[in-house]
Each structure stands twice: as structure tokens, then as C-alpha cells.
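Chain naming here is simple, since letters A, B, ... match the order of the sequence lines and numbering starts at 1 in each.
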Number of protein chains: 2
Amino acid sequence: MAFVFPLADITSTRQQPKNWLNSIIKGDCVAALNALPDHSVDAIFADPPYNLQLGGVLHRPDHSVVDAVDDEWDQFASFEMYDAFTRAWLLACRRVLKPNGTIWVIGSYHNIFRVGAIMQDLNFWLLNDIVWRKTNPMPNFKGRRFQNAHETMIWASRDAKSKGYTFNYDALKASNDDVQMRSDWLFPICSGGERLKGDDGKKVHPTQKPEALLARIIMSCTKPGDIILDPFFGSGTTGAVAKRLGRNFVGIEREQDYIDAASARIEAVEPLGGAELTVMTGKKAEPRVAFNTLVESGLIRPGQVLTDAKRKWSAIVRADGTLASGGSAGSIHRLGAKVQGFDACNGWTFWHYEEDGVLKPIDDLRTVIRNDMAKAG
Amino acid sequence: MAFVFPLADITSTRQQPKNWLNSIIKGDCVAALNALPDHSVDAIFADPPYNLQLGGVLHRPDHSVVDAVDDEWDQFASFEMYDAFTRAWLLACRRVLKPNGTIWVIGSYHNIFRVGAIMQDLNFWLLNDIVWRKTNPMPNFKGRRFQNAHETMIWASRDAKSKGYTFNYDALKASNDDVQMRSDWLFPICSGGERLKGDDGKKVHPTQKPEALLARIIMSCTKPGDIILDPFFGSGTTGAVAKRLGRNFVGIEREQDYIDAASARIEAVEPLGGAELTVMTGKKAEPRVAFNTLVESGLIRPGQVLTDAKRKWSAIVRADGTLASGGSAGSIHRLGAKVQGFDACNGWTFWHYEEDGVLKPIDDLRTVIRNDMAKAG
DNA sequence: CTCTCGTTTGAATCCTACG
DNA sequence: CCGTAGGATTCAAACGAGA
């Protein structure tokens, strides 16, 4: 199957329906959208600039410099400017969307609240907010905040009356161990072989999204043959996944470098046959239960005394989920190592609690928690 | 320990500081907030209602299904009213918050985007958005959307310049298997024995939050003795957890039924003692020791040679507490950075001294000094 | 070939006390 | 207010070198 990626002519697309199908339109997002016909696409995936507002350079503990997203296209002078930009492209998207079409917008806490509020103001009807939990997010290097480990996506229909939107509930459920798909998804960030790199070995696009994420989105809200629009096409993940899954795409992108990379990428994609069009399953969550979970759940009480199996050493549980013994304090692992004079220690098997006069490893309590939490994955 | 929960007199609270401590103020949220002094609370947890209806009845998330407002004007008007309400209570909170205080607001996709955008407009500085993943969320019965399995919390400081906010990074990390705490948290919804029920067996409050959630929030951004304000007190989870964790609270609530239930609930809470409330801190909290102190105390001699861990670089200690190496001289940090060609360097962990043929970081000697200081009081 | 270990990297609003 | 200097700070995954 040969795909061609003409750069659609903005001035003529509106008059000649469908010549823009499976192509990348070069140009400003709003101008290009305005050239498309009314009610012409079934779904939209938008990954707009996040307006990160970064400060100076950020160093890792090993003194290397974080390669930040400081591109010109992510800079806005003020919230007002960002809001105006957001309103413009969302409004243009709304006209192009079919009455029963739906739109996805992805963002971080820097921009997603503004985007969501504007979507409501423009009469989009929010169906879900979906959390993309990253298995391998960048750490918080300075220890001044929680590790920013997720991004947020808003899924919305054109308006509250649009009840006929596509939602492949049963397929999603069947692909998810026969339980309905939740609003929190777990995927790795895009890296390794999937990440597009230039001749210089550097990443082509700073924020390339993983194909698995787009695959779940496209499989959830479109049917084979549907048309998916991506007004911030970038490296073309939307187009590549759409083609592979037997959907049509339209991309809009300003920068020729991105268009070139995306075109070559999509060209190389082999579409799947009908039988293979199953939903990609996300990564199965590891049931990680930390010690604080035991304290927060009440299975272990602050003030409670833990000992080793032979009651040689003891420590007191503190409300913050750390242990204290003598003048030392730390995690169950660090303190276990410390009292024994070791470099390392598995606190889960070393520390014991007493129940009915019997010492049991605190690891036993972890299984209790795991059983409770298994459902959430 | 007996707690009393006087319903603080709104008209007099501002003039009589602290009589509102550990009490529930009855009344309208904004009016009550306006009666509190400037910069008087360390942290705020807010669980606001998510929408206004014509009759002025407030509905909470997951309480009832919103009927679609198909009248465009009404819909716009209701968003506007909700925004005005949100702006009013957030602004009132901002005045009451200490300059280095932080605020948490929880919501769902129905309201959190508006809340977040308004917070940014009011100059709050967003630090994180935190996702509360529910282990046992309500299913989506109609199969028309993804299961709404999470709620979103926004954590923000008073403004971008507020760098001195409390964040117990080291305790959180130690309690989390020695990896930093992420922005996605997993907790069960409030049910079972924790859920307050009336004489009729019905739940007292429709959206009672789990104590484990509040415990993590309070432990992350406050110290023992801090004051936590909850302007939508409801069933009083914030107060109950604050009391148990040795923090002070202020609640604001309109409905007497909720006040009665919360008062009885908090009254029954047994506060934790002192030792287990100690929050683990890291190196940042240790008293500073100048390298010069090591030289003056004789632990390091002038003329002594220091090297890095691999003996690649070396430097000689001078009597004034500086290092010299190959024509350069400076502090342990400056010279460590200089020889490596870095902007910065932690000289305490970079430079080593030799003892019994083994290289040890000079940081070890700093702990000797600190231990001596501790003994001396 | 496998296994180990070190290196690199990803949408980041990322330090703070003191003079 | 600013400038300077002390010195604290990272997780998971992919990849490549070397045993």
C-alpha cells in the first residue's frame, strides 16, 4: 500500500474536499484549519504547546544539563496570549469536527487547566480527563516538588447534545482483562527505537508522543476508515498510528523539518489487516507498595515498635513513614542496614511486627495491601 | 486530651487572633475567611463544590449526574457564576495564607480546569498537579465513557517568588522505598468504618475524603504545630487528620449537620505524641560547618594533601582553610569545580583524605564536628 | 553468545542563606 | 532589592563497551 503525502494547498483545500486526506498541510494551525470543510473529521488529537515558562538552566546531580523544551514555539508572553491562541485553534477545530466527533487535547499542569476551561467556555462537553502515567518520567532533580510523573488528556464531544459519538467500550473492556477501561493509563515515554533521531543522532522533535498512547486513543473513539485530524502534527505519531490502524489522517504543521521526518515515518508504516486491529494493551502496573502505604492505611501505627526476628534491634514507626532508633532515622531499608552495620538491607523481611505474641515480617502486611489494590493495577 | 470546638464568632475572629484555632467557623466561606487575620495559616486544603444550580443548591462531584444544560446562555451564566464564586474564595484564601504557605485544591474534570486557570490568574504558582487514583472507583454504568477512576489535586504556592514553602522531601522519599514521591497516588475511596454514617445508616456527607489522602498531604507540606485551614470543612477529615498528626486546624462550614458530625469525629481523635511526629530531614537541614572548622580543630592539618576518590586530582590544604592546586586556589567547592571543569561541585563529597590507607570523603569529618556540636548542645 | 556495568536521557515552571 | 557563595540534588530504560 503506497501512501503519498502531498503538502495540501491551503487556499484550495476547502473547495476541493478530501484532497487533504492522508496529507500534511504546511502552515499556521488556525489558517490551515480554516481551509478545511465544515464537519469533516471524526476525531481530533491535539498536542498544543504547553507554555512551560522555564527559568534558567537545570543541572542534574551529575552536573549534566537538562535538554529543556525551550523552543520558540512554546513561548508565550502572557496567559492572555496563550488563552487567545488556545481559543482560536479550539474554535477552528470545533467547526471542522463532525457533530458526533470527539476531540482529545493533551497537556501538563502548565497549560491543561486553561485549555480545559476554554473548552468548556466554547461549549465542548467534557467526557473524561485521562491521566497518562509515565513509567519512566524525568525525576525532580532538586527535591523541591513531587516528581511530575504524568500528563493529562481531555476527551470531549462537540457539545452536550452530541450523544452519538464513537466509544468502543466493549473492545476496550475485552482488551483490559474484561474490566472496563479506567481513566488512568500507564505507558512508557517515547524512547529507544521508536524515538525519531536525525543524522546527528539527536531527537527530531522534543516532545514525540508514544505510539501506544495514540493507539489506545484512536482505537477507543474511531472506527476503521474514520478521519483523524492532528493540528500540531510534529513528528507525526498520530499519522503513523492512524495509518497502521486503518484510519485516515490529516496533519497540520508549520516546520518543514518536522514535516519531512513525519512523511518518511508514515511512508514506512505498514497498515494492519482487519483481524489484527486489536487494541494495544498498556503496560501492566507493578504492584509497588511502599512502607508509607502501610502507615497511611492504618495497618502500621505511628509509635508502633518494630523489631528484627530475634528482637535484637528495635525501632519506632514515625508518622512520616520513617523509622527511628537511637539517634538515627531513615527508611525501613536504610535503618535496617544502619543498626546491623551493613551497606544495604531489605527492610521488608528484616523488620517484624507483633501480632498475638508472634513476630511477623512487615512484608506480610504488604500482601494485604496488594490484594486491596490489585484492582487498580 | 480534651478538644473543644467552639463555633468561632465570625465578627470577632479577626480582632482576636487565634481564638479560631482548632475550631469550626460556621458561615459562608468567603465571609468567614474575611474574618481571619492576614497571613495566618501555613496550609490550605480545599474541597470546593463543583457547580451552582439555579436554586443556589451546591452539588458535589460524584453526588448526582448533571443534567445537560442545553440553553447556551444558562450554561455560560452558570460557568460565570461558578468562576466568580471560585475567584472569591481563592482570593480570600490567598490573603489568609502565609507568604510561604501552600494550598491544595481537589476537584474532578467538571470543575478542576476552571479552578486551576483561576488560580493561575490570581497569581498562585502551581507546584504540582497530583492525581488521586482510586482503587475502587464507581463503575461507568452506561458504558459510554472511561471509568472515572481518579480525582485531581492542585498544589500551589502563594506566588512564583515563594520559594520557602515546606516540602518534606526527604521524609516522603524515605517512606517510599527510597525513591522520590510521584505525582500519582493510589488510595481507596473512603468506605467501611471510616465512613461517617448517621443514625439512619446513611452516609453523613456525600464526598467524605479518605484520611490516608489527607495524611499524605499534611505530612508533605506542613510541620508539627502548623495551622491548616479547610474552607469547605464538610465531615472534617482535614481536622481529624490534622489533630492526629499534631497540627492545628481551622474549618469553615455552613451546615450545622456537618459541623455536628465533624465535631464529634474530631473529639474522638487521639493525637500522636512527640517522638513519632518528628519529620525526617536531609542534609539541607544540618547545621553548616565550614571547612575552616576542620582545620582549626586539627582534624585536617595545613599542608595535608586531599585527592578525589580516584586520586586523579589532588590539592594541598592551606592554613586559612582554602585549598591550592597547580597555581589555583579557593574553597573546597570552587577548587573541586575548577579541577573538574564544572560550574559547581560539592567539595565535601569530592575531596578525600587518607586514613589507614583508605580514602574517605572529608564529609565524614564534618559529621564528627556535628556530633561534637550536638553533645555540647 | 551472555552478562555486567557504566553512560545517557526524557514536556522541568527544580536552592538558599547571607551580606 | 541583588550578588555571591555554600553545597545539595535523580528514576527508569535503553544502549554500548568490555568481560
Report yes if a side-chain nitrogen or oxygen of [X] is closer than 4.0 Å to either non-bridging phosphate oxygen (OP1 or OP2) of [N]; otherwise report no.
X: B:Lys283; N: D:dG7; value: no
X: B:Ser331; N: D:dG6; value: yes
X: B:Asn346; N: D:dA8; value: yes

Side-chain heavy-atom pair B:Arg311, B:Leu359 within 4.5 angstrom cut-off:
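B:Arg311 reaches B:Leu359 side chain to side chain.
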So, [X] and [Y], do they make that salt bridge, N to O below 4.0 Å?
X: A:Arg265; Y: A:Glu211; result: yes
X: B:Asp184; Y: B:Arg133; result: no
X: B:Arg366; Y: B:Glu286; result: no

All pairs passing salt bridge (Lys or Arg N to Asp or Glu O under 4.0 Å) where residues 73-82 of chain A contributes a residue, at least two apart:
none
Return a single string for nucleotides 13-19 of chain C, one symbol per nucleotide in 5' to 3' order, where B is base contact, S is sugar-phosphate-only contact and - is none, cutoff 4.0 angstrom on heavy atoms.
BBSS---
Does either side chain, that of B:Asp177 or that of A:His333, offer a donor lying less than 3.5 Å from an acceptor on the other one?
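Indeed, the side chains of B:Asp177 and A:His333 share at least one donor-acceptor pair under 3.5 Å.
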Quick one: do the B:Trp351 and B:Thr307 side chains pair a donor with an acceptor below 3.5 Å?
no
Whole-Å distance between [N] [atom2] and [X] [atom1]?
X: A:Lys202; N: C:dG10; atom1: NZ; atom2: P; result: 11 Å
X: B:Asp343; N: D:dT4; atom1: CG; atom2: P; result: 15 Å
X: A:Ile189; N: D:dA14; atom1: CD1; atom2: P; result: 10 Å

Of the candidate nucleotides D:dT10, C:dA11, D:dA8, which contains the atom at the shortest distance from the side chain of A:Asp62?
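The nucleotide sitting nearest to the side chain is D:dT10.
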Side chain of B:Arg334 - closest among C:dA11, D:dG7, D:dT9
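It is D:dG7.
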Determine the interatomic distance between C1' on D:dT10 and the same-named atom on C:dG10; round to the nearest Å.
12 Å
Provide the distance between the two C1' atoms, one in D:dG18 and one in C:dC1, to the nearest whole Å.
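The answer is 14 Å between these two C1' atoms.
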Once hydrogens and angles are ignored, does a donor-acceptor distance under 3.5 Å link the base of D:dG7 to the side chain of B:Arg366?
no
Taking all non-hydrogen atoms of both residues into account, name the closest pair between A:Lys142 and A:Leu58 and its distance.
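Shortest heavy-atom contact: CE-CD1, 3.7 Å.
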Under 4.0 Å between any heavy atoms, over every strand shown, what does B:Ala290 touch: base, sugar-phosphate, or nothing? Just pick one.
nothing
Taking the six-membered ring of A:Phe79 (Phe, Tyr or Trp), confirm whether the NZ or CZ of A:Arg114 is under 6.0 Å from its centre and within 45° of its axis.
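Pair A:Arg114/A:Phe79 counts as cation-pi.
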When Watson-Crick pairs (N1 to N3 and N6-O4 or O6-N4) and G-U wobble pairs (N1-O2 and O6-N3) count only below 3.5 Å on both distances, what is the dot-bracket string of DNA chain C, with | for other-strand pairs?
.|||||||||....|||||
